Amino acid sequence: MLDMPDEGRLERMSAMLRRRGVVLPAFDIYGGVSGLIDYGPVGASIKRRLTQKWIDHWLSHGDIVEIDSPTITPEAVLVASGHVGEFNDLMTECKGCGSVFRADHLVEHLHPNADSLNSDEIDKLLSTGIECPSCNESEWTSAQPMNLMFSTKIGAMSAGRTAYMRPETAQGMFMLYPALYRHFRQKLPFGAIQTGKGYRNEISPRQGMIRLREFNMAELEYFIDPEHPPLSDLNRRTEIVSLVPDPDGPHAGESRMSFGAALDAGIVRHPTVAWFLARTWDFLIEVGIHPAKIRFRQHASTEMAHYAEDCWDCEIHGEHGWIECVGIANRTCHDLESHESHSNTKSLRAWRQFDQPRSQTLDRLVPNGAVIGPTFRGDAGAVVAALELLTELPESFPFELTLANGNSVSIHESMVERRIDTVNVSGEWFTPHIIEPAFGIDRIIWHVLDHAYEEVEKEGEAYTFLRLSEGISSVDCVVLPLFDKEGMPDLAKEITSAINALPHSRAEMDSSKSIGRRYARADEIGVPWALTVDHTSLEDGSVTVRRRDDQLQVRAFVDEILTRMTNGTMQELF
RNA sequence: GCGUUCGUGGUGUAGGGGUAGCACAAGAGGUUUCCAACCUCUUUGCCCGGGUUCAAAUCCCGGCGAGCGCACCA
């Protein structure tokens with residue numbers, strides 16, 4: 001089904017991307033830094049346009065808004081999120097062969113909870129004769145934490161607080177949950193998106209722009225009521241997609257079906273997750289990813305991230321094989337609950353109104369402060385707190401009450417009043433669940449370029465097209481004076497300005513070298529339209545319009561072209 | 001991080017102790033009535049740092065970077 005790997009295509013494509021200013025190694029004149037890239041003049045436009053399409057894609061839902069948060073993040077936030085623990089794996093190196101391993105993996109058969117050990121404890125276990133999996137030696141260096149986050153300080157010198165460059169944008173949306181809840185008039189579901197940089201100090205970045213140390217992410221956090229998950233009608237969707245369900249589950253093996261069928265069969269476990277799989281598909285198709293090179297892979301329960309309950313990767317096939325480009329996870333209430341307890345707030349919840357107010361009978365012991373105060377003095381507060389927590393009321397007085405500090409006190413009848421109240425409860429507080437689609441923008445751009453890059457033979461010569469979707473290419477059209485004289489460059493300049501005055505349209509003029517060469521240059525970086533100014537243009541204001549994908553030409557008037565550029569109907573000229 | 005192959009104009013390559021060459025691309029001019037044409041001229045290079053040598057792009061050491069394998073990671 002998929003094309004056989006073409007020797008050298010990757011090299012030729014990478015060379016083109018560098019030569020034409022799409023993607024280049026960063027800091028190249030200083031030798032470069034692995035895992036850091038530049039988007040050049042062509043690539044930066046492509047990235048901006050693709051990112052904008054992503055933003056528009058989600059904002060069009062109506063219940064999703066955009067936010068923007070700092071990349072520098074205080075340590076406490078990332079402790080609560082689990083990143084400080086998760087990203088601080090202890091590593092050890094075999095003195096025999098130099099192989100590096102996660103220390104907790106080497107000793108996990110000796111300890112039930114190996115990843116909670118500190119480095120001294122791990123060193124002790126390692127010295128009990130653990131053999132190196134690759135050379136069977138058993139001499140280990142002492143375990144060192146390998147932090148995958150870039151750390152920094154907020155504030156100067158020793159007074160500075162420890163902070164990290166964010167490893168994901170998601171935490172920003174969680175921090176703003178209270179503001180979002182207010183913005184949406186306290187009604188779920190709603191979502192927030194953010195695009196921006198994320199940072200991970202990868203041990204060994206590889207595969208060009210696939211694994212970067214600084215990368216562009218685009219994440220959506222969608223907050224839902226787990227008891228009333230929003231339902232969308234997937235039955236109208238007819239596309240058949242590749243799914244690779246959990247290999248340990250009942251549906252193991254690759255299958256092809258519609259999104260609706262996958263949900264009905266229980267392969268996708270959550271209706272909102274299924275909906276976002278479908279909307280992810282829509283986006284990828286819109287920006288020019290080849291449908292046959294997309295598949296959705298469900299995480300095995302063993303590889304699931306620490307927070308997730310059902311997790312799907314959207315993988316795209318390209319020169320580097322199948323690459324995870326989007327992760328769609330049901331993060332449940334994990335993040336908000338964790339931030340609530342670490343930050344000691346109660347503001348990360350939502351109110352669920354009951355259909356009918358529930359009448360509830362409260363049977364409790366109301367403390368009598370006038371007696372409890374003088375009797376217990378300093379402990380009085382603790383006694384009142386303990387009384388409020390009582391669920392089973394005593395049969396008789398006096399009875400023994402255990403306080404939070406473990407002490408026990410005797411409660412006499414005079415200290416409390418038994419009160420039975422009937423109250424109407426109209427709803428309850430709960431922690432929303434979160435469905436998170438997280439997009440790796442750089443990886444998607446790579447695959448957009450990969451799928452668009454096409455090498456053909458034209459009159460015996462190698463010829464390259466970048467068949468980018470309209471609206472993704474760096475510019476929408478080039479304007480070419482057929483000759484660089486006789487007023488043609490002037491008219492071409494006018495037309496270029498007119499197009500650039502349109503909202504969201506970009507044109508460039510190119511007047512150097514032969515017309516054929518200029519078409520070729522535009523084809524190589526994926527410009528979909530070329531307008532050529534010739535002698536007739538000077539007489540009647542018409543130009544020839546050339547379509548990149550089949551190189552057909554028609555003649556049209558500039559006014560009509562401007563209109564069609566605006567409303568996206570250029571194709572109808574042909 | 002280990003092993004391995006490698007690093008020469010913008011791109012692709014030749015040279016492998018003594019003046020760095022070619023092709024394409026790019027710029028200027030000419031020519032040309034729509035698909036990488038042609039002519040003239042021009043610009044741009046031995047990844048970085050040490051060492052050996054009268055002399056290093058070339059040999060040696062280290063670093064950085066790229067590809068691949070292992071490991072790590074999502």
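Note that the coordinates shown come from a computational prediction; the quantities given were computed from them, not determined experimentally. Below, each value reflects all heavy atoms present in this structure, side chains not excepted, and no hydrogens, waters or symmetry copies.
Applying the Watson-Crick and G-U wobble criteria (two distances, each under 3.5 Å), B/A23 pairs with B/U11. Across all strands shown, B/G45 forms no Watson-Crick or G-U wobble pair with both key distances under 3.5 Å. The partner of B/G18 is B/C54, judged by Watson-Crick or G-U wobble contacts that both fall below 3.5 Å. Partner assigned to B/A71 is none, using Watson-Crick or G-U wobble distances below 3.5 angstrom. With a 3.5 Å ceiling on both atom-pair distances, B/U31 lacks any Watson-Crick or G-U wobble partner. B/G65 is paired with B/C6 under the Watson-Crick or G-U wobble criterion, all donor-acceptor distances under 3.5 Å.
The six-membered or imidazole ring of A/Tyr463 lies away from that of A/Tyr519, with a centre-to-centre distance of 6.0 Å or more.
Nucleic acid contact for A/Tyr463: base, since at least one base atom lies under 4.0 Å from a heavy atom of the residue. Contacts of A/Gly327 with the nucleic acid, taken as non-hydrogen atoms under 4.0 Å apart, are absent. Heavy atoms of A/Arg518 sit nowhere under 4.0 angstrom from any nucleic acid atom. Nucleic acid contact for A/Gln551: base, since at least one base atom lies under 4.0 Å from a heavy atom of the residue.
No salt bridge links A/Lys458 with A/Asp523; every basic N to acidic carboxylate O contact stays at or beyond 4.0 Å. In summary, A/Glu524 and A/Arg19 engage in a salt bridge, as defined by a charged side-chain N under 4.0 Å from a carboxylate O. Electrostatic pairing of A/Arg279 and A/Asp282 counts as a salt bridge here, judged by a charged N lying under 4.0 Å from a carboxylate O. We find that A/Glu219 and A/Arg166 are not joined by a salt bridge, their nearest charged nitrogen and carboxylate oxygen being 4.0 Å or further apart. A/Glu319 has a carboxylate O that lies under 4.0 Å from a charged side-chain N of A/Arg9, or vice versa, which qualifies the two as a salt bridge.
Across the protein-nucleic acid pair, A/Asp28 atom CG and B/G45 atom C1' stand 13 Å apart, rounded to whole Å. Straight-line distance from the NE2 atom of A/His83 to the C1' atom of B/C73: 13 Å, rounded to whole Å.
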Checklist outcome for this item: 5' to 3', nucleotides 25-34 of chain B under a 4.0 Å protein heavy-atom cut-off (B base, S sugar-phosphate only, - none) gives SSS----BBB
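Side-chain polar atoms of A/Ser69 and A/Gln194 form a donor-acceptor pair below 3.5 angstrom.
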